[in-house]
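Positions are given from 1 along the sequence. Basis for what follows: all heavy atoms, side chains included, without hydrogens, waters or symmetry-related copies.
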Amino acid sequence: MRWIIGTLLVLLVACGASKSEDAEQWYFTVEEAEVTGGVEDGDDKLIVFNLSGEVVTHPVGNFDSLGAAWRIDNSHMLMDIRVEDGSYEVWNVSPSDIQVLVRDIDDILQPIAYHHPHLVMTPMQPIMDGTPAWLINLDEGDVTTFITADIGSANICCRFSEDGETLEYLRYVPGADDAILELLARNIDSGDEQVLYTTADSTGAHTFYAGDPWVIQQRIRLDGRLQLTYQLVDPAGVITDIPIDNSGEIVSIRPFEGYLFSSYPTCETDCLYKLENIETGAEYTYMVGTVTDIPRPVYIYDENILIVNVDGVLMRLRVDVEPEILGYMPTLNMSVSDLTGRWALLVDSGDDPTTGMIWDYEADAALAFFPLDNGFYNAFVLDNWFVVANLVSGQLTTINTTTGDLVNWSIEREDVRLLTIASDVAAIVRANGEGDLVSGFYLYNREDNSFTLLMEGRALLYNPRNLADAVQ
């Protein structure tokens with residue numbers, strides 16, 4: 001069982017929930033059964049609790065392992081479970097019950113499209129001849145299966161319409177002579193489907209980029225030279241060819257926030273990027289001096305301010321203005337997870353960084369700066385804090401995402417592990433029982449360096465990502 005960062009601030013004093021489940025945040029812990037002579041004695045337990053001290057214990061038999069988890073709302077969590085027979089299941093866990101949504105599958109499922117209450121999940125490993133997918137109504141518990149295309153590294157299986165009433169997805173139809181790729185629109189309520197686009201493709205020559213409209217790229221070879229063609233497909237199935245001059249450099253076109261973003265993969269110096277408003281046709285051109293990789297747009301304020309990731313460098317591009325470097329994306333000794341589309345973790349150098357920075361896309365400004373030392377880091381957003389954890393020293397740096405206040409947390413005890421933040425002055429820690437503190441969870445106050453026992457025992461905290469953030 002891996003250690004999961006989570007939040008705990010509760011005394012386990014009851015075995016039932018009497019208040020409204022949705023009134024406040026509920027949290028999830030896992031307690032594995034004792035093992036005697038190689039055999040588990042009793043059931044594993046999922047313990048669901050809130051900050052008012054209410055708790056519900058769900059005996060769950062003896063599962064093999066827990067995979068990823070995603071928070072749906074204040075009182076519901078989606079979990080990947082590997083059960084005793086080696087198969088996988090997906091559970092919807094709440095204070096009231098555990099609902100098994102999907103069972104008897106051979107691989108961990110991942111969420112790939114979400115518009116509440118509907119969710120699409122597919123296996124981690126796609127299948128060449130068609131990947132199974134599950135359309136789940138999280139409110140009702142209804143599950144529908146369908147077959148989608150091998151999404152590979154570029155194709156996107158699915159997207160919901162803005163109103164959530166339609167699911168657009170790719171379907172792979174194998175054939176004796178040639179395979180068929182179809183783009184379909186499914187009415188969620190009726191199940192009726194409309195084919196928006198169809199093409200023969202046995203060689204993987206097409207790449208589908210999800211958006212409104214979709215962008216479909218086809219790779220062809222004429223006179224020994226690779227060429228690309230592009231088409232737009234709107235929700236009504238109207239297909240529009242994008243005129244491309246294939247006599248020059250190869251052009252890459254991607255949909256992005258209502259625009260088409262064009263770049264030139266083979267360009268290395270004085271590279272032009274173009275942003276075209278799909279609705280109005282207005283075009284805006286930017287230039288970057290030297291690149292070695294295809295740029296990726298990450299945020300747009302208007303046509304005059306575009307933020308792109310170029311070779312691990314975050315740049316602000318403006319029309320007719322020299323690019324401005326905002327910072328460098330983290331190196332291999334940093335991992336960034338659980339972030340929404342609002343913040344980015346940057347460092348001051350691509351080679352030997354000494355300062356970290358939290359960039360706020362919405363404000364187009366740095367939220368906070370903090371020093372870096374030797375170590376491995378993980379960054380994530382938890383409630384109202386941006387958290388940067390040094391996995392070597394155990395130190396946490398927190399930035400309040402409302403006020404920008406920065407706090408460095410560090411506990412000089414080998415028997416205590418700092419888990420997560422409860423407030424600007426208090427954190428949740430776990431003692432392993434090898435010091436003067438009994439094993440359990442404590443509330444640590446950094447102002448007076450005190451530890452208050454919250455729960456004695458060996459349960460593990462589970463920290464689910466927000467589902468809406470996981471599939472954006």
Return the set of residues passing salt bridge (charged side-chain N to carboxylate O under 4.0 Å, His left out) with [X] (not counting sequence neighbours), or none when no residue passes.
X	result
Glu279	none
Arg413	Asp415, Asp436
Arg316	Glu324, Asp364
Glu276	none

Answer yes or no: is there a side-chain heavy-atom contact under 4.5 Å between [X] and [Y]?
X	Y	value
Ile242	Ile244	yes
Ser439	Asn432	no
Leu306	Tyr286	yes
Val90	Asp80	yes
Arg296	Val298	yes
Val347	Leu372	yes
Leu46	Phe28	no
Met287	Asp270	yes

If you compare all heavy atoms of [X] against all heavy atoms of [Y], which two are closest, and at what distance to 0.1 Å?
X	Y	value
Ala366	Met357	CB-SD, 3.6 Å
Asp234	Val238	OD1-N, 2.8 Å
Pro111	Trp70	CD-CZ2, 3.2 Å
Leu167	Phe146	CD2-CZ, 3.9 Å
Leu367	Thr401	CD2-CA, 4.1 Å
Ser252	Tyr230	CA-OH, 3.3 Å

Worked check of side chain to side chain contact (heavy atoms under 4.5 Å, CB included) between Leu467 and Leu138: CA-CA 12 Å; Leu467 182 59; Leu138 295 172; 3.9 Å; yes

Partners meeting ring pair (Phe, Tyr, Trp, His ring centres under 6.0 Å) with Phe369 (sequence neighbours left out): none

Over-ring placement of Arg159 relative to Tyr169, 6.0 Å and 45° cut-offs: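 No, Arg159 does not sit over the ring of Tyr169.
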
Modelled atom types, side-chain donor and acceptor of Asp139 and His116, under 3.5 Å: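 Checked: Asp139/His116 side chains pair up, N/O donor to acceptor below 3.5 Å.
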
Residue pair Ser450 / Asn445, side-chain donor-acceptor N/O under 3.5 Å: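 Not at all, the side chains of Ser450 and Asn445 share no donor-acceptor pair under 3.5 Å.
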
Between [X] (side chain only) and [Y] (backbone N and O only), is there a donor and an acceptor less than 3.5 Å apart?
X	Y	result
Asn400	Leu406	no
His58	Ser94	yes
Arg446	Asp424	yes
Arg71	Asn74	yes
Ser161	Thr166	yes
His115	Glu162	yes
Asp107	Pro123	no

What's the separation between atom [atom1] in [X] and atom [atom2] in [Y], rounded to the nearest 0.5 Å?
X	Y	atom1	atom2	result
Leu109	Ile81	CG	CD1	12.0 Å
Leu232	Tyr209	CG	OH	13.5 Å
Trp134	Ile112	CH2	CD1	11.0 Å
Ile136	Leu78	CD1	CG	6.5 Å
Asn92	Gln99	CG	CD	5.5 Å
Leu317	Glu322	CG	CD	10.5 Å

All side-chain contact (heavy atoms from CB on, under 4.5 Å) counterparts of Tyr197, not counting sequence neighbours: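 Once residues adjacent in sequence are excluded, the partners of Tyr197 under the side-chain contact (heavy atoms from CB on, under 4.5 Å) criterion are Leu183, Thr199, His206, Phe208, Ile216, Gln231, Val233, Ile239.
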
Test log, rule side chain to side chain contact (heavy atoms under 4.5 Å, CB included), inputs Tyr442 and Thr452: CA-CA 5 Å; Tyr442 291 79; Thr452 302; 5.8 Å; no

Reference residue Tyr273; test side-chain contact (heavy atoms from CB on, under 4.5 Å); the match among Ser262, Cys267, Ser263: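 Checked Ser262, Cys267, Ser263 against Tyr273; only one passes side-chain contact (heavy atoms from CB on, under 4.5 Å): Ser263.
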
CA sep, side-chain torsions, deciding dist, call: Val143, Leu135, side chain to side chain contact (heavy atoms under 4.5 Å, CB included): CA-CA 6 Å; Val143 180; Leu135 173 62; over 6 Å; no

Worked check of side chain to side chain donor-acceptor pair (under 3.5 Å) between Thr398 and Trp409: CA-CA 8 Å; Thr398 61; Trp409 302 75; 3.0 Å; yes

Audit row: Tyr444, Phe451, ring-ring contact (aromatic ring centres under 6.0 Å, His included) steps and yes/no: CA-CA 5 Å; Tyr444 168 71; Phe451 296 86; 5.1 Å; yes

Heavy-atom neighbours of Met124 CE exceed 12 at 6.0 Å: no

Heavy atoms of other groups near Asp320 CG, more than 12 under 6.0 Å: no

Stepwise side chain to side chain contact (heavy atoms under 4.5 Å, CB included) check, Leu345 with Ile358: CA-CA 5 Å; Leu345 172 63; Ile358 305 303; 3.8 Å; yes

